[in-house]
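Notes to accompany the following structure.
Please read these numbers as outputs of a predicted model, since none were measured by experiment. Throughout, protein chains are lettered first and strands after them, A, B, ... in sequence-line order, and every chain is numbered starting at 1.
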Amino acid sequence: MQPLRQAFFARNTITVARELVGCLLEVEADEGKVVGRIIEVEAYEGEGDPASHAANGRTPRSEIMFGPPGFAYVYLIYGMHHCLNFVTEAEGTAGAVLIRAVEPVSGHELMAVRRGLDSDIAREKDLCSGPGRLCRALGIDRSWNGLPLVPGLGESIPSAIGKIRIFPGEGPPGGPVATPRIGIRQAVDRLHRFIDSRSEYLSG
DNA sequence: GAATCGATGATCT
DNA sequence: GATCATCGATTCA
């Protein structure tokens with residue numbers, strides 16, 4: 001199976017977000033490889049989206065959202081949690097998709113170890129149900145910021161800390177359900193969170 | 001179960 | 001100096 005390529009991400013952010021639901025997220029690091037099925041994402045656009053980090057134009061942090069698509073945007077929130085995003089849209093237009101939850105497919109034990117949970121007791125459901133938990137379980141932190149997600153962009157790798165690939169998968173029949181985004185105060189009325197509502201592994 | 005609250009640091013005004 | 005796309009422990013029921 002071929003991983004998704006840059007053209008997949010070089011499109012409208014909402015479209016990319018919807019189509020990511022059901023795809024497989026594979027993360028490879030020194031300790032091993034883990035795979036999860038994406039079941040919950042949120043779309044963040046550019047200047048027109050008050051909840052977006054790019055809402056006020058280019059800043060040192062938001063710069064990457066204006067850059068070329070197919071790269072990881074990872075940032076720290078609340079001083080202790082990391083969030084993983086995929087940069088979308090053509091270069092020059094801001095956009096990103098926040099990965100909020102995945103269903104563990106393989107590497108459950110490594111996920112549990114990284115989460116600091118006893119793998120016997122750890123409920124599989126809680127391993128990756130939330131952006132902070134997911135990053136913890138996948139071993140992703142700020143040093144992954146700017147990492148290419150697709151083949152062919154290798155020259156731009158800032159530091160070969162690990163590898164992320166996304167593979168096509170089966171989305172929910174009829175498409176994902178759209179709901180308001182979680183944990184934000186601005187633009188709560190926009191239905192930019194997309195979920196596989198059948199899943200038992202969603203975040204709050 | 002539901003509600004509350006503290007931890008903790010980068011970013012921007 | 002305020003804000004923040006969160007989590008987990010603790011409290012109360």
Quick one: do A:E89 and A:R11 make a salt bridge, cutoff under 4.0 Å?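 No, A:E89 and A:R11 are not salt-bridged.
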Can A:R37 and A:D196 be counted as an ion pair, charged N to O under 4.0 angstrom?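 Answer for the salt bridge query: yes.
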Could you tell me whether the phosphate oxygens of [N], OP1 or OP2, come under 4.0 Å of any side-chain nitrogen or oxygen in [X]?
{"X": "A:R100", "N": "C:dT6", "value": "yes"}
{"X": "A:R193", "N": "C:dA5", "value": "no"}
{"X": "A:R133", "N": "C:dG8", "value": "yes"}

If you pin A:R61 and A:H81 to their nearest nucleotides in DNA chain B, which one's is more 5'?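 By nearest-heavy-atom nucleotide position, the 5'-most residue is A:H81.
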Can you check whether A:Y73 and A:F71 have ring centres sitting under 6.0 Å from each other?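 No - the distance between ring centres of A:Y73 and A:F71 does not fall below the 6.0 Å cut-off.
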Strand partner of C:dT3, provided both Watson-Crick or wobble distances fall under 3.5 Å: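 For C:dT3, the partner nucleotide comes out as B:dA10, under the 3.5 Å rule.
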Is B:dG1 paired to anything, Watson-Crick or G-U wobble with both distances less than 3.5 Å, and if yes, which nucleotide?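 Pairing partner, where one exists within any strand: C:dC12.
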Can you measure [X] atom [atom1] to [N] atom [atom2] for me and round it to whole angstrom units?
{"X": "A:I182", "N": "C:dT6", "atom1": "CD1", "atom2": "P", "result": "8 Å"}
{"X": "A:M80", "N": "C:dA5", "atom1": "CE", "atom2": "P", "result": "16 Å"}
{"X": "A:D126", "N": "C:dT6", "atom1": "CG", "atom2": "P", "result": "17 Å"}

Does A:Y44 stack onto the base of C:dA5, taking stacking as ring centres under 5.5 Å apart and planes under 30° apart?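 A stacking contact exists, since A:Y44 sits close and nearly parallel to the base ring of C:dA5.
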Of all the heavy-atom pairs spanning A:L20 and A:F86, show the shortest one and how long it is.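 Shortest heavy-atom separation between A:L20 and A:F86 comes out as CD1-CD1, 3.6 Å.
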A:Y78 (side chain) and B:dA7 (base): donor-acceptor pair under 3.5 Å: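 Per atom types, no contact qualifies.
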